[in-house]
Amino acid sequence: MKTMRSIIKNIDMYLMILPAFCFLVVFAYIPMYGIVIAFKDFNIFEGVMASPWVGFKHFQRLFETPKFWEIFRNTLIISIMKLTFYFPFPIVLALALNEIRNRVFKVSIQTISYIPHFISWVIAGALAMDILSLNYGIVNAIIKSLGFEPIYFIVSPSHFRWVLVFLDIWKSSGWGAIVYIAAISSINTDLYEAATVDGAGKLRQMWHITLPGIRSTIVVLLLLRLGNLMEAGHEQIMMLLTPAVYDIGDIISTYVYRMGIGRMQYSFTTAVNLFRNIIGCALLFSANYFVKKLGEPGII
């Protein structure tokens, strides 16, 4: 009864979240039934129910396929590179923007930095290919003007992953900085005034006041990033991936797309995707456990 009274009292709030709840049920929870395809020899003409059960046959094939371990390694390497080089960038950008006192200049820089977030990866990938083009790209034009040999970044195994990291920083860091700027704005300004009186400079104020003040926000976003570690940026890589860099750029999600949609191996690719999601959940729960041990609230 107490719960019902609370719902009636806050009925307007529940009505507001109802569309989001329905969206999750229809597009997230109901489709989870499709996981059973990983344990069947799914035939599109027979349907899910009539397709025969095969147990862990597709998982056995998964672990015996050398190509899978190659794409698994690629996924981990690209994800760790992005986590290492991208994750600190929005924090640094937010700290820098917080120190700008000219409001017009601050708003202009912030707007310019988060506009790329609204550009789809289709357009961003096309821009990257044009800018990094071997013959008429501006980057190679500068390289040639300095007397060096041009580099075809998109098909170069030694450069392709770094292109992915740089594009991820360019496209997402401005939007990510917004969260940190909001967290910084909630820090008590009296702390900065007291630090100034004590003779602390800007760097010491950042280190001893700002960063501890947004630590919980950093931890939550880091946990969310770890939960998506096995994603590695499907849309971005799909736009830039070519057969020349399959060995170092092909990840689990692109492999699933190619094998599932292209070759109609639905059961096998469902098993691959299920394995990826299990690894992601394990990483999330493990990281959340250690974060709680360090005294942070975590997200679970």
Side-chain angles (χ1 to χ4, degrees), residues 17-80 82-83 120-122 125 164 223-289 299-300:
I17 67 171
L18 183 60
F21 176 76
C22 293
F23 179 86
L24 283 175
V25 170
V26 173
F27 293 102
Y29 288 101
I30 293 178
M32 286 178 68
Y33 173 73
I35 290 173
V36 300
I37 295 174
F39 305 94
K40 292 189 168 194
D41 264 338
F42 175 68
N43 187 307
I44 193 170
F45 299 105
E46 295 178 356
V48 176
M49 298 300 295
S51 297
W53 287 93
V54 294
F56 292 95
K57 169 187 170 182
H58 300 295
F59 291 93
Q60 183 179 355
R61 176 190 168 190
L62 166 68
F63 296 130
E64 292 175 352
T65 303
K67 179 65 178 178
F68 172 75
W69 297 110
E70 178 184 296
I71 63 172
F72 183 75
R73 183 180 67 251
N74 291 341
T75 304
L76 281 180
I77 292 173
I78 292 172
S79 295
I80 291 172
K82 287 186 175 183
L83 181 66
S120 72
W121 274 117
V122 176
L164 298 178
L223 287 175
L224 293 174
R225 189 81 180 185
L226 287 173
N228 290 318
L229 191 69
M230 300 304 294
E231 176 64 27
H234 170 75
E235 292 182 18
Q236 177 197 25
I237 296 176
M238 277 294 296
M239 294 302 107
L240 299 173
L241 190 65
T242 60
V245 288
Y246 272 175
D247 291 344
I248 55 96
D250 198 16
I251 60 173
I252 293 177
S253 58
T254 56
Y255 180 73
V256 166
Y257 176 83
R258 198 167 59 255
M259 298 295 288
I261 303 299
R263 301 187 184 180
M264 296 187 292
Q265 298 184 18
Y266 302 116
S267 295
F268 175 66
T269 51
T270 301
V272 174
N273 219 29
L274 180 57
F275 176 78
R276 183 193 68 169
N277 291 333
I278 290 172
I279 296 296
C281 286
L283 287 171
L284 178 60
F285 281 103
S286 300
N288 189 73
Y289 172 79
I299 58 175
I300 302 174

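Quick note: numbers below take in every heavy atom, side chains included, and nothing from hydrogens, waters or symmetry partners. In this text the structure is predicted, and so the values were computed from the model without any measurement.
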Open item on the list: Looking at I44, I'd like to know if its CD1 atom is crowded, meaning that more than 12 non-hydrogen atoms belonging to other residues, nucleotides or ligands lie closer than 6.0 Å.
Closed with: no
Residues 51-58, side-chain donor-acceptor partners within the protein, below 3.5 Å, at least two apart:
residue	atom	partner	partner atom	Å
S51	OG	N43	N	3.1
S51	OG	G47	O	2.6
K57	NZ	D41	OD2	3.2
H58	NE2	K40	O	2.9
H58	NE2	D41	OD1	3.2

- [ ] Mind checking side-chain hydrogen bond (donor to acceptor under 3.5 Å, both in side chains) for R258 and listing every partner two or more places apart, or none if nothing turns up?
- [x] D250
Task: Those residues that, when tested against S79, pass side-chain hydrogen bond (donor to acceptor under 3.5 Å, both in side chains) (two or more places apart) - done: none
Open item on the list: Nearest 0.5 Å, please: how far is CD1 in I251 from CZ in R73?
Closed with: 14.0 Å
Open item on the list: Please report the interatomic distance CG(L229) to CG(L76), rounded to the nearest 0.5 Å.
Closed with: 6.5 Å
Let me check something: any side-chain donor-acceptor pairs from residues 236-249 under 3.5 Å, sequence neighbours excluded? List them with distances.
residue	atom	partner	partner atom	Å
Q236	OE1	K82	NZ	2.4
Q236	NE2	L164	O	2.8

- [ ] Mind jotting down which residue pairs meet the salt bridge (Lys or Arg N to Asp or Glu O under 4.0 Å) criterion with at least one end in residues 277-289? Sequence neighbours excluded, please.
- [x] none
TODO: Scan for salt bridge (Lys or Arg N to Asp or Glu O under 4.0 Å) pairs involving residues 235-245, sequence neighbours excluded, and state none if there are none.
DONE: none
If the condition is side chain to side chain contact (heavy atoms under 4.5 Å, CB included), which residues does [X] pass it with, not counting sequence neighbours?
| X | value |
| --- | --- |
| Y29 | L24, M32 |
| L226 | L83, L222, A287 |
| V26 | none |

Open item on the list: Is the distance from the ring center of F68 to that of Y255 below 6.0 Å?
Closed with: no
Task: Option from I37, L62, V256 for which side-chain contact (heavy atoms from CB on, under 4.5 Å) with F268 holds - done: L62
Quiz: residues 276-284 side-chain donor-acceptor pairs under 3.5 angstrom, not counting sequence neighbours:
residue	atom	partner	partner atom	Å
R276	NE	N273	OD1	3.4
R276	NH1	E231	OE1	3.4
R276	NH2	N273	OD1	3.1
N277	ND2	N273	O	3.3

- [ ] Among residues two or more places apart or on two chains, list those pairs meeting side-chain hydrogen bond (donor to acceptor under 3.5 Å, both in side chains) that have a residue in residues 262-271.
- [x] R61-Q265
TODO: Hey, can you tell me if F63 and W69 have their rings parallel, tilted or perpendicular (30° and 60° cut-offs)?
DONE: parallel
Task: Set of residues satisfying salt bridge (Lys or Arg N to Asp or Glu O under 4.0 Å) with respect to E70, sequence neighbours excluded - done: K67
Open item on the list: Any heavy-atom pair between the side chains of M230 and I252 that's under 4.5 Å?
Closed with: yes
